[in-house]
Undergrad: 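Below is a structure I'd like to ask you about.
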Amino acid sequence: MLNRREMLKTSLAAGVFLPGISGLARGDDSPNERLNVACIGLGGQGGFQLNGLSSQNIVALCDCDDARAGNAYTRFPNAKKFYDFRKMFDEMSNQFDAVTVSTPDHTHFHPSFIALSLDKHLYLEKPMAHCVKECRILTDLAREKGLATQLGMQRHALSGMRRTVEAIQSGAIGKVHEVYSWVGGSRGMPGNLKSGETAPAGLDWEMWIGPAKFRPYTSDLCPYKWRFWWDYGTGETGNWCCHILEIPFWALGLTYPERVQADGPEVHDEQTPKSMNVTFDFPAVEGRDAVKLHWCHGVPEAVRQLNLDRIGNNVFIGEKGILSCDFNWHKLYPTDQFVDYKAPEPFIPESPGFHKEWIEACKGGAPASCNFDYSGKIAEAGLLGNAAYRVGAKDGIRWNWQEIKSPDCPNIDEFNYPNYRKGWEIS
């Protein structure tokens, strides 16, 4: 088992020295210079990070799957290639200022923890981590270190989201006591895994599995369906909550719930569900009444019964009306009541660009909009919802967010705290 002090001396399970950081030039020391960036995970959203950071100096590229890495190595021929992020930190940690992590959910935490421990600024893909405790560790560590962070909630930069938030905060529909948020579709329960397959050349399967439960290689997990297996992914809730729940979190200034309730189809020990329903109760705070936030996999029946002519992914129920919205639009109901409605003058500044926010923060500018102190709460909510569903919290349980415990349901710890395989433990 490795504690944080040991992590600074040895990489997880590799047992090799990590260079000291005393002479490292932090990005905020030279605001006009390009950042030196190491990128972990190059396929999918990893490509999005490479595009967004192409103006900077990409010095290291790490992916355990050559096929998923695509053309990253030819696009950045001067960057050093790695299959194992631990070796990358061991060999090059004094040569970069910042790190991006765009791996499957089960391998978000370890490279991120090492990066922050070594004083590296961090851009991390959602849902931040694989369980609530991991999210809290990363959030607290980034704050302790004073590092620039950004969670991959890039829709935050859309103008339409700003206009929705402004409408809610300006009182267009009065005080809001209830919100319905959802992701459409019915992905989940992927079926049995194929067996007897051989890992393709260019894929380090042991590294892909990382700290999670080991299974022999199967194309049913890699490159994508891992998302719907609890050991590796977090289902559609983990996939989408950081985007969709952000709208009510931002608009209403939500933080941590005091109660959570969840139900859905019978829980499968290994596979994520096709549908589920979670309700979070947020206490009243100064300037805002208590809020009941419903998260659903599938359009909520309560929303269907409203017979709105346009629904997206959120419906706010206010004392003066209803607001329906998606990422880039909103509409007020009843429509005849808002014929003369005039939107407030915009008061939320536009984003200069989601990656640019982080780049500027790394160089000493203002914190990026989805820094971990803001985004960590949203990531935790989605993962708490998963845990409540898996533990069978159909009647609701109290939630102590400070302790990451429920006084009503100690069994929820099984799903809120990590359980790494031998060689990958931390303390």
Side-chain angles (χ1 to χ4, degrees), residues 24 26-28 31 33-63 68-69 72 75-76 79 82 85 88-89 92-93 95-105 107-130 134-135 137-143 145-158 238-239 242-243 246 351-379:
L24 178 63
R26 288 277 295 274
D28 54 4
E33 295 182 3
R34 294 191 301 170
L35 291 175
N36 293 324
V37 183
C39 297
I40 304 170
L42 309 176
Q45 285 299 108
F48 177 70
Q49 314 328 337
L50 288 172
N51 290 338
L53 298 171
S54 59
S55 63
Q56 304 305 298
N57 189 24
I58 309 297
V59 300
L61 296 170
C62 181
D63 201 302
R68 287 294 283 170
R75 285 183 63 193
F76 301 95
F82 294 90
F85 62 81
M88 183 193 80
F89 283 111
M92 293 189 66
S93 67
Q95 298 178 46
F96 52 83
D97 316 301
V99 176
T100 70
V101 177
S102 307
T103 60
D105 298 355
T107 46
H108 280 191
F109 177 77
H110 287 75
S112 298
F113 182 82
I114 296 174
L116 294 174
S117 296
L118 290 172
D119 280 12
K120 309 300 181 184
H121 304 297
L122 178 64
Y123 184 113
L124 174 59
E125 262 308 316
K126 51 79 188 168
M128 184 173 282
H130 198 235
E134 289 181 334
C135 291
I137 291 171
L138 295 180
T139 298
D140 290 347
L141 182 55
R143 185 189 312 116
K145 292 280 192 173
L147 294 164
T149 55
Q150 184 84 302
L151 192 65
M153 298 158 51
Q154 64 272 12
R155 289 170 178 81
H156 184 96
L158 294 172
N239 191 25
C242 287
H243 295 308
E246 195 214 346
S351 170
F354 199 66
H355 286 97
K356 188 174 182 179
E357 290 178 9
W358 180 63
I359 293 169
E360 292 176 350
C362 292
K363 295 178 179 180
S369 61
C370 291
N371 67 83
F372 289 0
D373 276 330
Y374 170 76
S375 58
K377 303 175 182 69
I378 307 171

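Only a predicted model underlies this, so the values are computations on that prediction, with no experimental measurement involved.
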Undergrad: Report yes if some heavy atom in the side chain of L118 is under 4.5 Å from a heavy atom in the side chain of V99; otherwise report no.
TA: no

Undergrad: Does M128 reach the side chain of S375, with side-chain heavy atoms less than 4.5 Å apart?
TA: yes

Undergrad: Which heavy atom of F372 sits nearest a heavy atom of L138, and at what distance?
TA: CD2-O, 3.9 Å

Undergrad: Which distance, rounded to the nearest 0.5 Å, do you find between the SG of C62 and the CG of L42?
TA: 7.5 Å

Undergrad: Nearest heavy-atom pair of Y374 and S369: which atoms, and what distance?
TA: CD2-O, 3.4 Å

Undergrad: Is L35 close to K363 at the side-chain level, that is, under 4.5 Å between some pair of heavy atoms?
TA: yes

Undergrad: If you apply the rule side-chain contact (heavy atoms from CB on, under 4.5 Å), what do you find for M153 with I378, and how did you get there?
TA: CA-CA 10 Å; M153 298 158 51; I378 307 171; 3.7 Å; yes

Undergrad: Can you tell me how far NZ of K145 sits from NE2 of H121, rounded to the nearest 0.5 angstrom?
TA: 12.0 Å

Undergrad: If I take atom CG from residue L151 and atom CG from residue L122, how far apart are they, to the nearest 0.5 angstrom?
TA: 9.0 Å

Undergrad: Under 4.5 Å between any side-chain heavy atoms of E246 and R155, yes or no?
TA: no

Undergrad: Do the side chains of V37 and F96 get nearer than 4.5 Å, heavy atoms only?
TA: no

Undergrad: Which value, rounded to the nearest 0.5 Å, describes the distance between I114 atom CD1 and M88 atom CE?
TA: 8.5 Å

Undergrad: With side-chain contact (heavy atoms from CB on, under 4.5 Å) as the criterion, how do S351 and E357 come out once you've worked through the C-alpha distance, each side chain's angles and the decisive distance to 0.1 Å?
TA: CA-CA 7 Å; S351 170; E357 290 178 9; 2.6 Å; yes

Undergrad: Quick check: do L53 and I359 have side-chain heavy atoms less than 4.5 Å from each other?
TA: yes

Undergrad: With rounding to the nearest 0.5 angstrom, report the CD1 to CG distance, I40 to L124.
TA: 10.0 Å

Undergrad: Please report the shortest heavy-atom distance between C135 and A379, naming the atom on each side.
TA: SG-CB, 4.1 Å

Undergrad: So do H108 and P127 actually touch side chain to side chain, heavy atoms under 4.5 Å?
TA: yes

Undergrad: Is any side-chain heavy atom of W358 closer than 4.5 Å to a side-chain heavy atom of Q49?
TA: no

Undergrad: Taking side-chain contact (heavy atoms from CB on, under 4.5 Å) as the criterion, tell me which of V101, D63, L50 meets it with C39.
TA: L50

Undergrad: If you round to the nearest 0.5 Å, how far is OG1 of T103 from CZ of F85?
TA: 8.0 Å

Undergrad: Which atom names give the shortest non-hydrogen contact between S117 and L141, and what distance separates them?
TA: OG-CD2, 3.7 Å

Undergrad: Report the C-alpha distance between T100 and F48 in whole Å, list the side-chain angles of each, state the deciding distance to 0.1 Å, and finish with yes or no for side-chain contact (heavy atoms from CB on, under 4.5 Å).
TA: CA-CA 11 Å; T100 70; F48 177 70; over 6 Å; no

Undergrad: If you take all heavy atoms of Q150 and F354, which pair is closest and at what distance?
TA: NE2-O, 3.1 Å

Undergrad: If I compare all heavy atoms of A60 with all of A79, which pair ends up nearest, and what's the gap?
TA: N-CB, 3.9 Å

Undergrad: Is there a donor-acceptor contact under 3.5 Å from the side chain of D97 to the main chain of N36?
TA: yes

Undergrad: In this structure, is the centre-to-centre distance between the rings of Y123 and H355 below 6.0 Å?
TA: yes

